[in-house]
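First the structure, in the form of structure tokens, and then the observations on it.
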Amino acid sequence: MRILIGEVKNHIDTEVEISGWTQNIRIMSTVLFIELRDVSGTVQGVLLKKGNEELFETLKALPRESVLSMTGQAVKSQAKIGYEVQIKHLDILNRAETPLPLGVVDKIESDIETRLENRFLDLRRPEKLSIFKIQSTISNSIRNFFVNSGFIEIHSPKIVAAATEGGTELFPVKYFEKNAYLSQSPQLYKEMMMSAGFDKVFEVAPAFRAEEHNTPRHINEFTSIDMEMSFVSDEGVMDVLENVVKTAYKAVADRNERELEILGVPRPNLDYKFKRITYSEYVRMANQKGIAMNDGEDLSTQVLKTVGGGIKEFYFITRWPRELKPFYVQPYDEKYSRGFDLQFGELEITSGAQRVHSPEVLINNLRSKGLNPDSFSFYVNTFKYGMPPHAGWAIGLERLTMVLLDIVNIRETTLFPRDRTRVTP
RNA sequence: GCCCCGAUAGUGUAGUGGCCUAUCAUCCGAGUCUGUCGAGCUCGGGACACGGGUUCAAAUCCCGUUCGGGGCGCCA
């Protein structure tokens, strides 16, 4: 029975069967070593030429990254990891073509373009695999957090009829005789679930944005972790968000020791309270740093880098001007709203808000943003027959992974990124 | 959408008008080597993105195209 390579150390002095990719073959005159890799690690197999001449010659000509299965005695040895497998039997399951479009264990790091074109090979590198093992821990721990806190997991439609928030560009889809779009966010649907009485919901799903951005922190399809709660304020969901992020960090610290080590990332630790900085304070901080801007203007990349770049931790920016936030954000007063962002340094991780629950305010807001309430009737109607006060947020899974692992390009934390020019692979 | 930059073997690079029949590493192939672990050593293989132009001479300069990278904007 096949065991994982990472388990071999627990089977010393017994016969084991392992399978994987031949990452390197070292040939001596009388002995050769095969470095075999699977999802759990690598180990070397040893084969003496004497008595195995035919297999020895076959393996000498075996290309790197071929797939094979071997059985043999696991023994302690002078190998660097302290043990190895003495090959008794070996099956070549699939030969790799040569040359490889991308060397998996080459010392040189290829361009990101080459890597993404050959992503399956790129992902064979333990450090790339580690990113996604950690991302799995993040999304699983967040999902568990929600389930354990009484949230209902929902699956809202990704083909929608109208722009959900206005503003952003959407990808059009032909929907038989109608025009439809790929969903930019489950925003309207998760709010509707509040009117439906679900009380607390969450969703982990893709979001699509047709913006032609060329930056290392935007892609056109990303994974949005959304939540919405009833009878709660903006402050209340900020508390939940802080808990969620801390839960995810702790889960990674507990479960991904090996992956963190492979990536050279210190054990994540968030033993501080996330600061809550109002938008207006943020503007004053920018002014103090010599950036001329007025209260009411959006925070530019320059401002976020200058002010936020020095804050290497999570913090909230709260009370955004109503002008800068979508129609569904609850006003705080005449000028400001109950909308907030969670930032890490200069990078926005989350945006959230207490939402409008009064139908009158909602309709006014829609009009003042130049949107026609009639085209949102499916949504506006849910406010007319008993919409509770509610609040929620959405966190970008890829961005959270970037921050946790100190990675600067979102393409690195996306399996197959959809960016301005890439639709394949 | 705007601005800047780039494209040389499978991969990553050197190259600044003639010394380029193009460097180095890796890779691939052949050989050698008594256990390696970035194995070592010897020999061999493989490239100037595409189209035009300038020049006696272009990888090198100019124009265009395509593709890519970075910054900004928009957005999250």
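No experiment lies behind these values; they were computed from the predicted model shown. Chain naming here is simple, since letters A, B, ... match the order of the sequence lines and numbering starts at 1 in each.
- Of the candidates A:Thr413, A:Val265, A:Thr401, A:Ile407 forms a side chain to side chain contact (heavy atoms under 4.5 Å, CB included) with just one, namely A:Thr413.
- Toward the 5′ end of RNA chain B lies the nearest nucleotide of A:Gly103, the other residue of the pair A:Gly103 and A:Lys305 mapping further downstream.
- Under 3.5 Å, the side chains of A:Gln44 and A:Glu35 contain no donor-acceptor pair of N or O atoms.
- Regarding contacts with the backbone of B:G40, every side-chain N or O of A:Arg26 stays at 4.0 angstrom or more from both OP1 and OP2.
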Would you give me the side-chain donor-acceptor pairs under 3.5 Å for residues 55-65 of chain A, sequence neighbours excluded?
unit_1, atom_1, unit_2, atom_2, d
A:Thr58, OG1, A:Glu54, O, 2.9
A:Arg64, NH1, A:Asp106, OD1, 3.1
A:Glu65, OE1, A:Arg37, NH2, 2.8
A:Glu65, OE1, A:Arg124, NH1, 3.0
A:Glu65, OE2, A:Arg37, NH1, 3.1

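- If you check residues 80-95 of chain A against RNA chain B, the residues with a heavy atom closer than 4.0 Å are A:Lys80, A:Glu84, listed by number.
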Next on the checklist: Before you tell me yes or no, could you show the steps for A:Phe222 and A:Arg399 under side chain to side chain contact (heavy atoms under 4.5 Å, CB included), namely the whole-Å CA-CA distance, both residues' side-chain angles and the distance that decides it to 0.1 Å?
Outcome noted: CA-CA 9 Å; A:Phe222 64 94; A:Arg399 284 197 176 178; over 6 Å; no
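- In this structure, A:Arg115 reaches neither bases nor backbone, as no heavy-atom distance under 4.0 Å exists between it and the strands shown.
- We find that CZ of A:Arg64 is positioned 10 Å from P of B:A39, with the value rounded to whole Å.
- Between the CG atom of A:Leu47 and the P atom of B:U34 there is a distance of 17 Å, rounded to whole Å.
- Across all strands shown, A:Asn24 has heavy atoms under 4.0 Å from sugar-phosphate atoms exclusively, and none from any base.
- Salt-bridge formation is detected for the pair A:Lys273/A:Glu242: a Lys NZ or Arg NE/NH1/NH2 atom is positioned less than 4.0 Å from an Asp or Glu carboxylate oxygen.
- Using a cutoff of 4.0 Å between basic side-chain nitrogens and carboxylate oxygens, A:Lys158 and A:Glu203 are scored as salt-bridged.
- Looking at heavy-atom distances under 4.0 Å, A:Pro216 makes contact with sugar-phosphate atoms alone, never a base.
- Taking atom CD of residue A:Gln302 and atom P of nucleotide B:C74, one finds them 13 Å apart after rounding to whole Å.
- Phosphate proximity of B:G35 to A:Ser77: absent, as no side-chain N or O sits under 4.0 Å from OP1 or OP2.
- Remark: A:Asn409 is in phosphate contact with B:G70, judged by side-chain N or O atoms under 4.0 Å from OP1 or OP2.
- A donor N or O paired with an acceptor N or O is not found under 3.5 Å between the base of B:C75 and the side-chain atoms of A:His213.
- Side-chain nitrogen and oxygen atoms of A:Thr421 include at least one within less than 4.0 Å of the OP1 or OP2 phosphate oxygen of B:G68.
- Residues passing the ring-ring contact (aromatic ring centres under 6.0 Å, His included) test with A:Phe202 are A:Phe146, sequence neighbours excluded.
- One P atom belongs to B:U26, the other to B:G68, and the distance between them is 31 Å to the nearest Å.
- At B:G71, none of the side-chain N or O atoms of A:Arg217 fall inside 4.0 Å of OP1 or OP2 (strictly under the cut-off).
- Summary of the strand contacts: A:Pro63 and A:Ala79 both lie near RNA chain B, and taking for each the nucleotide with the nearest heavy atom, the more 5' one is attributed to A:Pro63.
- The aromatic rings of A:Phe316 and A:Phe340 lie perpendicular to each other, with more than 60° between the two planes, well past the 30° mark.
- The distance between atom CZ of A:Phe56 and atom P of B:U34, rounded to the nearest whole Å, is 11 Å.
- Between A:Phe344 and A:Thr350, every side-chain heavy-atom pair lies at or beyond the 4.5 Å cut-off.
- Among the atoms of the strands shown, base atoms are found under 4.0 Å from some heavy atom of A:Ile219.
- Pairing for B:A30 goes to B:U42, judged as Watson-Crick or G-U wobble with the two contacts each under 3.5 Å.
- Look at CG on A:Leu116: it is 12 Å from C1' on B:G69, rounded to the nearest Å.
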Without placing hydrogens or testing angles, list every side-chain donor-acceptor pair under 3.5 Å for residues 365-373 of chain A, not counting sequence neighbours.
unit_1, atom_1, unit_2, atom_2, d
A:Asn365, ND2, A:Phe327, O, 2.8
A:Ser368, OG, A:Asn364, O, 3.4
A:Ser368, OG, A:Asn365, O, 3.0
A:Lys369, NZ, A:Arg322, O, 3.1
A:Lys369, NZ, A:Glu323, O, 3.1
A:Lys369, NZ, A:Lys325, O, 2.7
A:Asn372, OD1, A:Asp374, N, 3.0

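- Looking at heavy-atom distances under 4.0 Å, A:Thr215 makes contact with a base.
- Summarising the base pairing, B:C61 is matched to B:G53 through a Watson-Crick or G-U wobble pair whose two defining distances lie under 3.5 Å.
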Could you tabulate the donor-acceptor pairs under 3.5 Å formed by side-chain atoms of residues 257-264 of chain A, not counting sequence neighbours?
unit_1, atom_1, unit_2, atom_2, d
A:Arg258, NH1, A:Ser40, O, 3.2
A:Arg258, NH2, A:Ser40, O, 3.1
A:Glu259, OE2, A:Lys133, NZ, 3.3

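- Listed by residue number, the members of residues 29-44 of chain A with any heavy atom below 4.0 angstrom from RNA chain B are A:Ser29, A:Val31, A:Phe33, A:Gln44.
- Base pairing of B:C24 is made with B:G12, judged by Watson-Crick or G-U wobble geometry with both donor-acceptor distances under 3.5 Å.
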